[in-house]
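All chains are named by letter (A, B, ...) in the order of the sequence lines, taking the proteins before the strands, and each is independently numbered beginning at 1.
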Amino acid sequence: MTAADTQAEAREAIRAPRAPSFLQRFVRNPTAVLSFALLVAFALMAIFAPLIAPGDPMRVNPVVRFTPPGAEYFFGTDNLGRDVFRIVVHGSRTTLLVGLVVTVISMGLATILGLLSGFYRAVDVILMRFVDGLMAFPGIVLATAAAGFLGPAISTVIISLTIVLISPSLRVVRGQVLVVREAQMIEAARATGVPTGRIFRRYILPAVMSPILVQASFIFSAAVLGEAALSFIGVGIGPTDISWGNALTEARNYISQAPWIVIFPGLALMLTILALNLLGDSLRDLLDPRLARRR
Amino acid sequence: MLRYLAKRFLLILPTIFVPLIMVFLLLRLAPGDPAGMMLGDQATADQLAALRAELGLDQPLPVQFLLWLKGIFTLDLGNSIFFREPVMEVIPRYAGVTILLTLVALTLAIVIGVVMGVISALNRNNPVDRGVVTSAVLGISLPEFWFALLLIFLFSVTLRWFPVSGWTPPSAGLIAFGASIFLPALALGIRQSALMTRMMRSSMLDVMDEPYITTARAQGLPERKVIGSYAMRTASIPVLTVAGLAAGYMLGGAVAIEIVFALPGLGRMLVEAVARRDYPLVEGGVLTISLVLAVLNLVIDLLYAVLDPRIRYQ
Amino acid sequence: MSPLDMTAAPGAGTETKVVLEAENLGVALPIDGKYVPITTDVSFSVRRGEAVALVGESGCGKSMTASAIMGLPPRGAKVTGRLRINGRDVLDLSPKRRRALCGSEIGFIFQEPMTALHPTLRIGRQMTDTLCHNLGLSRSAAMTRAAELLDLVGIPRPKDILKGYVHQLSGGMRQRVMIALALSCDPSLVIADEPTTALDVTIQAQVLDLMEKMRREFDVAMLFITHDLEVVGDFCDRAVVMYAGDVVETATAAEVTRAPHHPYTRGLIDAVPGTGLERLVPIGGSVPQIGAWPEGCRFAPRCSRATEKCAIRPPLEGAPMPDVRCWHPLTEERT
Amino acid sequence: MSAPALLETKGLTKSFGNVKAVRDVDLSIPRGSTFGLVGESGSGKSTVARLVLRLIEPTSGEIRFGETDLRALKGDKLRRQRRKMQMIFQDPFGSLNLRMTVGETLTEPQSVHGLGRNDAERRARGEALLAEVGLPAAAMDRFPHEFSGGQRQRIAIARALATEPELIVADEPVSALDVSVQAQILNLMRDMQAEHGTTMLFISHDLRVVQYMCDQIAVMYLGEIMERGPRHRIYEMPQHPYTQALLSSVPGSPKEDGKRAKLKGEIPSAHSVPSGCAFRTRCPHAFDRCKVEVPVMHQLGEGQEAACHLLDR
């Protein structure tokens, strides 16, 4: 009889309709879709660079120097007669490669260290002092010094940007772990007798994944910007490699004669960073459980 | 209050030492012989040995570390290889430009950020707000050295409102100084001002939903006072928190900006020192930037305590 | 007449002046581009010296009604119906003149004084801002008055407290400060939104005592918003019961807490453990979500007395019993 | 009354830094009974809940669960012991993993304790548990945010029942719920308790709820037990001045001289617990002795005990 009572009392529809999945919400968010599409376009451009803009981007042709943008040279030519369009297309390879590698390494390390730091007080104290020290210090200065000692090369850029960008990522992961660790669901799981390993896998990791994903897109954008800045001041990738930052180094001397040499590589750079930032913003909105709860 | 300041001071020490230690290690652990790199191919064995002795590179690593520490505490950073004079005499010639540039840019960023953030928040979701939010996203994505080039192209080359490059110290007249620093500071501050706009906007939106704002309204205070002295007081606290990070970021960004505008600052000095393999000067530059940052952060912590009594009474 | 030197016995010779009158008050909020009603047809009145409870569970619209009366509804809200304060229609006042009523004619006491007082402004500053603005006092006169008010609500060493911040006070003290602030400009109406819910029982009793004392001394009309029927019976003269955005019953506090006529009110009473140990009779299901109210009587799906007639929405006046929004009200006393 | 105790604590004490949150708490909860722990904020009642479940480590004192010395258990042994003792939390939203379906939430306790032979069996039991708490089997594949507050608390109760525990500790299980829903959950818990014979430690600040639910009651103040005993003794003839004040502070209680408040002042902070009797700063009867001497428990018959110097003669 009591069971019948109970059911009568609970008689209430389960709140329909079902909440849309992450993918459904992503597709319905124009900013997310647009920024993601833009990134895919850049990635395709990097992958198929030799097909899109065949030829050696470094080939000099003084006869056509300072040609304004037109049908033959979409983005014009620079002071040595190099095709700016070709430079922009091929330059995306360096930029995206550095961005990707730096993001993967620094987020990977930050996740491991952040989890450790969130759970072991001793690790936390040491790591956080280190992070405090690095966080405030300008990464470019450090990377400049590093480039001086290690010599300009892609590997130097990757190493120094990783060192610089690991701190903010570590902070985000650790902060999230600390929040999740105190969440009541963890206490509830412990009280139920769920083993620690399983709590880690089923409770903590999924909860920290969203902020990691969001942070990754911001780190990616910071790495792209960092590579460009380092290359621009001449301590990034080697002078014979092509990147958007490198292209601007010399271009700046000709800004009054041929502004297009400055505008197009910079525009490509900005669009990439913009797309990454917008993606990060919309991911943050989409993954916020508070928003999901509000339907 | 004193305890708070002491604690903040201790927390700032890593800000000074972690970058220095990293530079110290990089220099010693990097492949190749620093002395050889500094002197070039033509150096004799005697010259190399002399330089190694001068830099202490002939000592074991822990001894080097202690010597290095001693050098920092006595502010004896050795001689610049290139200038052939003590690092401590070279640096002040460059530091002023960078500090001024950073301070002006930081002020610009905070003012723009706070004003735009508040305007945006008060116009929540209408066209003004959307305009500010969109510009802020664009601003955050703007590489400052590229923006600097565009500014030069527009204002100096095309409109001829400002000098293309070069440095006029404040002693040569405030107007000339202002004209020479405005574009660099704007270029350096633009990204941070966009970040602060976003921060201020969201913080303001949060604060406007706080019950104590409703209380202030329920007490009949006019909206101008509710926003100006009740909401902004708390909403600006998070902006202050990021000001420290922004200052650090700007000291770094100054490197590229100084190059673009040909300003004789620390950043440019550092890049040149790196190119010349003038390691004592590099270390000195890093130390100076660390110290400037530490002082700035302490000032910010102090302001923080003034704005938020909850911290003072902890 | 200043409440400080008031000598007349409380309640003596008070004309029963209507301070607050709400007529079909409705609030709608824009959600996903459409206006969704949060409350509809809320009608009641509060007289001078009277404490009227606005009772209901979460989501019934009682707090929204309170914020609409204050003139501080959430952004974008659409308020309809009529609202008179001291005989004046206030819904079509300009925002500025509407704001001028706050503090001076209406005082507000919040549930959570910790968050309702400014975290980084001194308590003295918050109180004097109010006094200076509404009464035109000088800063120092306002400070003296603020200290008197704090003394009146039973705060020891008022001068020190004025120099302090809200986080330095205990929960009970904070609520006393809140009460002093609400009464500081001698309003004729005080709205208290769950003022004791966040407090411990023994402190709750102290605050209720204080509010009763203040109510008599300042001779205010009080609108007391709560979910707790026991507090209603204890503190209020009359009660307005709300469910799903509607007023379902209006009666004296004694009637509402002992012999209610609306099945929902009855259900609320039966759902609270009393001193007896007999099995509780809960109301089945749960409160419908905003924007998903049933057609007809909104309580019908959870009501044991519901019939086909309940598909038609019962009016507050014109159904079998006055002031009861129900086709099948409980008429006989239940024991 | 004569039933042997399932859970027993002696001198249970917990300090956080220099704050003594719980001091010398002796509890004895008879098997099959519902034991209520009431108190205001800072009384340490929730800390006791976590201590007896070994979710936090006591500073000193004993905890016995049946024949088992709980404090001696560590690591996996302690984890396996948890099958017999489960907990229900105040906030059903926070205590459920939002990323797990109800089905996963209900089968997890079974699988981690090796109950049920296979997934199908555990799932069937999950559906039976849902039916028991009044939810349809269709709820299995839904996520917590798709339910109302009351339904979520039903899910939490089903999870606690999944391992057929001997003891359930419920920490303010209904205080986050609306009145009408609160009654549903209280009834459900009473039925569960009757049906399974589960022993329950029920923690609440609401005296009326505790009266409805509990056979035995202990009243806590600032980390100590002031008075304990069977329900009718505590509610009908409370002997400790704090219990008396607490009961008469409940809204709707008769007033004296038109006043509700029986106690002056505020609850002291746990950082500065008064010397002697912890309650003396607010006690209307306090005298010199209360300042210097901690009162001991006085036996008052029928298992009622109170710690007050007034009871000395």
For B:Pro19 and A:Leu142, which heavy atoms make the closest approach, and how far apart are they?
O-CD1, 4.1 Å
Between B:Phe145 and A:Ala229 the two heavy atoms that sit nearest each other are CE2-CA, 3.5 Å
Roughly how far, to the nearest 0.5 Å, is the CD1 atom of A:Ile233 from the CZ atom of B:Arg268?
12.5 Å
Cut-off 4.5 Å, heavy atoms of chain B, and the answer for A:Ile263 is both
A:Leu274 pairs by side chain to side chain contact (heavy atoms under 4.5 Å, CB included) with which of B:Ile140, B:Leu142, B:Val137?
B:Val137
By a 4.5 Å heavy-atom criterion (distance strictly below it), what part of B:Val157 contacts chain A: side chain, backbone, both, or neither?
side chain
Please say whether more than 12 non-hydrogen atoms of neighbouring residues, nucleotides or ligands are located less than 6.0 Å from CZ in A:Phe264.
yes
dist A:Ile273:CD1 -> B:Arg191:CZ (nearest 0.5 Å) comes out at 7.0 Å
Closest non-hydrogen contact found for A:Val141 with B:Gly252 is CG2-CA, 4.1 Å
Per-residue contact mode, A:Leu267 against chain B (heavy atom under 4.5 angstrom)
both
Check each atom of B:Val271 against the heavy atoms of chain A and say whether the ones under 4.5 Å are side chain, backbone, both or neither.
both
What residue, out of A:Ala143, A:Pro259, A:Pro265, has the most heavy-atom pairs lying under 4.5 Å from chain B?
A:Pro259
Toward chain A, the part of B:Leu138 with a non-hydrogen atom under 4.5 Å:
both
Are B:Ser141 and A:Leu278 side-chain neighbours, meaning at least one heavy-atom pair lies under 4.5 Å?
no
A:Asn253 versus chain B, heavy atoms under 4.5 Å apart: side chain, backbone, both or neither?
neither
Go through B:Ile21, B:Leu20, B:Val255 and name the one with the most non-hydrogen pairs under 4.5 angstrom from chain A.
B:Val255
If you count heavy-atom pairs under 4.5 Å between each of B:Val282, B:Leu251, B:Ile289 and chain A, which one has the most?
B:Ile289
Checking A:Thr144 against chain B: side chain, backbone, both or neither under 4.5 Å from a heavy atom?
both
Quick one: CE on B:Met22 to CZ on A:Phe130, what's the gap to the nearest 0.5 Å?
5.0 Å
Gap between atom CD1 of A:Ile140 and atom CG of B:Leu270 - 0.5 Å precision:
11.0 Å
Tell me the residues of residues 146-156 of chain B whose non-hydrogen atoms fall below 4.5 Å from those of chain A, in number order.
B:Trp146, B:Leu149, B:Leu150, B:Phe153
Closest non-hydrogen atoms of A:Arg252 and B:Val260, given as atom of the first, atom of the second and distance, are NH1-CA, 4.3 Å
Who among B:Ala273, B:Ser290, B:Ala294, B:Gly267 has the most heavy-atom pairs with chain A under 4.5 Å?
B:Ser290
One option among B:Gly248, B:Ala247, B:Gly244 has the most heavy-atom pairs under 4.5 Å with chain A, and it is B:Gly248
